[in-house]
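Owing to the predicted nature of the structure, the values given are computational and were not obtained by experimental measurement. So that the names make sense, note that chain A is the first sequence line, chain B the second, and so on, each numbered from 1.
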Amino acid sequence: MQFDRRETVPLGLAVLAPIAAIAIALLLCTPLISWTGMPAFTAYGIMFTGALGSPFAWSETLSRATPLMFTGLGVAVAFRARFWNIGAEGQFYLGAIAATLLGTGLLNLPAIILLPLIFMAGFLFGGTLLLLPAILKTRIQVDEVVTTLLLNFIVLLVVSYLVEGPLKDPAALGWPQALPVPPEATLPKLGGRAHWGLMIAIASAILIWILNARAVLGYQMKAIGANIQAALFAGIPINWVLLLTALLSGGLAGMGGVSEVSGLKGYLSLDLSPGFGYTGIVVAMLAQLHPIGVLISAIFIAAIYVGADAMSRAANLPSYLADVIVSTSLLCMLVSILLTRYRVRWRS
Amino acid sequence: MNSTSVQSDIVLHLNHISKRFGSLLANDDISLELRRGEVLALLGENGAGKTTLMNILFGHYTADSGEIRVFGRSLQSSSPKAALSAGIGMVHQHFTLADNLTVLENIMLGTEPLWHLWQRQQNARQRVIALADQFGLSMHPDAKIADLSVGERQRVEILKALYRDVKILILDEPTAVLTPQETEALFTTLHKLTQAELSVMFISHKLQEVMRVSDRVIVLRTGRVVATVPTAETTPAALAELMVGRPIPQPTRQFQTPGEALLQLAAVTVASQDGRPLIDQLDLTVRQAEIVGIAGVSGNGQAALFNLLSGLLTPTSGTVRLYGQVCDRFTATDMVRANIARIPEDRHTTGLIGDMSIWENLILADYAEPAFSQKGFLKRHSAIAHANQIIQAFDVRCPSPFATVRLLSGGNMQKLILGRELSRQPQIILASQPTRGLDLGAVTYVHQQLLNARDRGAGILLISEDLDELLSLCDRLCVIYQGKLSAPMPTETVSLQTLGLMMAGKDKADAI
């Protein structure tokens with residue numbers, strides 16, 4: 001078996017391949033669903049209506065997609081420059097800490113000032129967290145995969161300390177959660193549970209898209225990601241660009257944490273994120289690192305989770321099925337990316 | 001039976017081989033025969049189909065149609081193993097040796113079972129020594145590969161093939177990495193091989209060597225055999241024309257009087273991280289309107305010299321002067337601003353970014369200049385207009401400025417780099433192996449561009465391993481050996497032989 005690089009990718013193939021990949025992923029998951037005793041098509045029907053079948057379902061899906069958009073954008077920005085940020089989970093929580101610190105009584109400001117302020121603080125907190133691994137990488141070549149991954153656990157322990165200790169809400173009947181944000185620090189709702197965080201995520205995606213396509217920084221990041229040696233030879237300030245990339249990447253994930261606290265949950269707790277940071281990697285990869293693609297793939301993955309929840313409620317199926325479907329979709333998507341770039345030849 | 005006895009001196013027969021990759025017909029109905037005890041040269045430019053044909057023969061690819069017969073028998077299964085057991089050995093351009101093993105271990109690896117290793121090693125040692133003696137491949141069987149020179153490594157590869165009792169030896173561009181003396185030794189070995197009735201297929205694009213060493217020449221062009229001629233009945237010029245398909249104009253070189261010094265190095269040393277000097281107390285001057293050549297076997301400090309002047313390294317001691325001014329900042333951006341054009345050795349890893357478009361690559365060196373960016377945003381329109389200009393002026397064959405660079409041919413990639421660097425009207429040009437791996441037509445083009453730049457007054461430092469290139473282009477030549485640079489010599493006073501000896505570390509006085 002050989003792979004030959006395609007000289008041009010036909011548009012039809014580029015559009016159809018992801019759709020086919022998802023169809024095949026769903027097909028691959030049917031035996032598993034049938035095994036639980038429910039006809040697969042009925043199950044997928046319930047999933048579909050549960051995720052996208054009504055305005056309520058849409059609001060659920062979009063509210064679930066919002067944090068994934070932020071973490072997905074953060075990961076996509078870093079990966080495009082080949083800076084392997086596996087730490088979006090930690091940056092997400094650090095953003096949530098920023099929202100809690102500034103938004104629960106420290107500052108007494110009207111919403112119109114307070115909300116942008118806590119988003120900026122979340123951006124800085126998340127970005128600064130990722131600066132540490134970036135500095136270690138650029139100064140003494142420490143592998144950022146290890147450092148960013150391990151920072152996640154450190155941040156979770158810090159959150160655990162905060163919600164059990166200094167930030168603990170005394171009115172929470174002993175539950176380990178932080179003080180809730182007041183109305184001035186709460187994002188307006190869009191309907192159902194969907195909130196303005198979604199709009200901020202979409203705006204961020206558009207800004208990143210413009211950055212990638214038009215800005216000098218986007219050009220430098222792409223050059224570093226595509227060929228770091230040539231970038232060095234051309235005189236692109238690699239360390240500086242990587243630091244800015246880290247700030248941006250961590251900042252976006254941090255904004256996700258702010259959006260989740262002030263838009264949906266209302267307070268910081270240890271279960272604020274069911275792995276949004278890690279799922280963000282899947283979102284970014286499915287989107288092939290394109291910021292607009294991130295929006296779509298975040299909605300797709302959120303829909304699978306929300307649909308799987310609906311399915312498990314209706315038919316008493318384990319909601320872990322959603323994880324299986326998401327993972328299978330990612331694998332199929334990666335294969336389809338390979339097949340759109342390369343032509344497979346079978347040896348006679 | 002009858003036909004085999006008639007053609008008994010034909011050891012290898014390729015019959016109507018065709019191979020298609022997508023829309024590209026890499027081998028189009030190629031037929032050739034190799035006779036016992038001859039050196040057959042396979043001549044052709046990049047992309048002519050030489051490598052594809054050899055990969056088919058050696059079992060890396062399967063032909064779409066056609067047949068291979070070795071010693072009258074059809075070679076069926078396509079794997080390197082089948083080719084080896086049929087008696088075909090191949091020495092690749094990039095060696096396939098394990099650096100941390102000895103010569104003997106490398107030869108035994110994959111040939112001998114590891115059972116009773118000690119006993120086998122004794123037998124193998126004797127055979128290797130005998131073979132080495134017979135074919136003039138002197139070699140210590142217990143030397144580590146890592147300690148050997150490139151020429152010695154090639155001899156190990158040949159020994160490895162001979163140890164496997166091959167009767168047909170395929171050499172893929174064997175002289176590309178050798179000094180003239182090593183090349184000479186290789187040719188002696190080839191002569192001994194053919195005397196022992198082995199047959200050699202010699203793949204090359206160097207006309208002089210083909211003329212020297214081969215009995216017959218097969219010329220390939222765009223996947224087809226365009227000529228099969230006895231070497232004695234042809235000339236280099238005729239072969240060149242067959243290879244390219246049209247007459248090649250020779251670059252014209254006019255006399256120029258060199259002007260003021262543009263680039264001066266005085267006792268410059270660059271040390272590696274562990275303190276070892278990469279270039280050692282180097283003195284060098286490049287003046288207006290001259291080409292100064294640096295000859296040497298690669299790995300003797302050329303990379304450090306190029307990287308220093310490209311702004312990737314800082315000197316440990318010594319002074320570098322640009323236009324008479326002492327240079328104290330060594331960054332890539334500073335060198336670009338100092339109007340130095342840099343043509344790196346490796347188009348793919350340092351010169352260009354394969355996954356980016358042509359226009360993006362063409363502003364790599366000066367994307368930050370006001371011409372191409374403003375307030376943090378790229379001026380896309382000016383960048384694309386600039387790309388269109390270069391594409392036209394340097395005759396880059398490409399679908400559009402938006403095309404991905406990876407899809408271009410080597411020659412077109414080099415034209416992009418030349419376009420990017422030379423369109424800035426640089427005063428100093430730094431070129432490292434600017435024609436490596438290029439077609440004859442593209443080589444001539446690059447040479448002409450460098451000569452044109454010289455004629456308009458630029459000073460050019462040309463680092464190359466291709467001695468013919470250096471002798472035909474340069475006004476003065478230096479040889480670099482283990483980080484030390486010889487005194488410059490006017491090109492007219494230097495012979496190929498002298499250069500070869502100096503490249504091997506002999507003094508000029510000894511060399512003459």
Taking atom types as modelled, is there a side-chain donor on B:Q433 or B:D346 under 3.5 Å from an acceptor on the other?
no
Report which part of B:T349 has an atom under 4.5 Å of a heavy atom belonging to chain A: side chain, backbone, both, or neither.
both
Measure B:L312 against the heavy atoms of chain A and call it side chain, backbone, both or neither at under 4.5 Å.
side chain
B:S310 side chain to B:N307 side chain, donor-acceptor N/O pair below 3.5 angstrom:
no
If I measure from the heavy atoms of chain B, does A:I228 come under 4.5 Å with its side chain, its backbone, both, or neither?
neither
So, B:D64 and B:R20, do they make that salt bridge, N to O below 4.0 Å?
no
Without hydrogens or angle criteria, can the side chains of B:N361 and B:R420 be said to hold a donor-acceptor pair below 3.5 Å?
no
Side chain, backbone, both or neither: which part of B:I363 has an atom under 4.5 Å from a heavy atom of chain A?
both
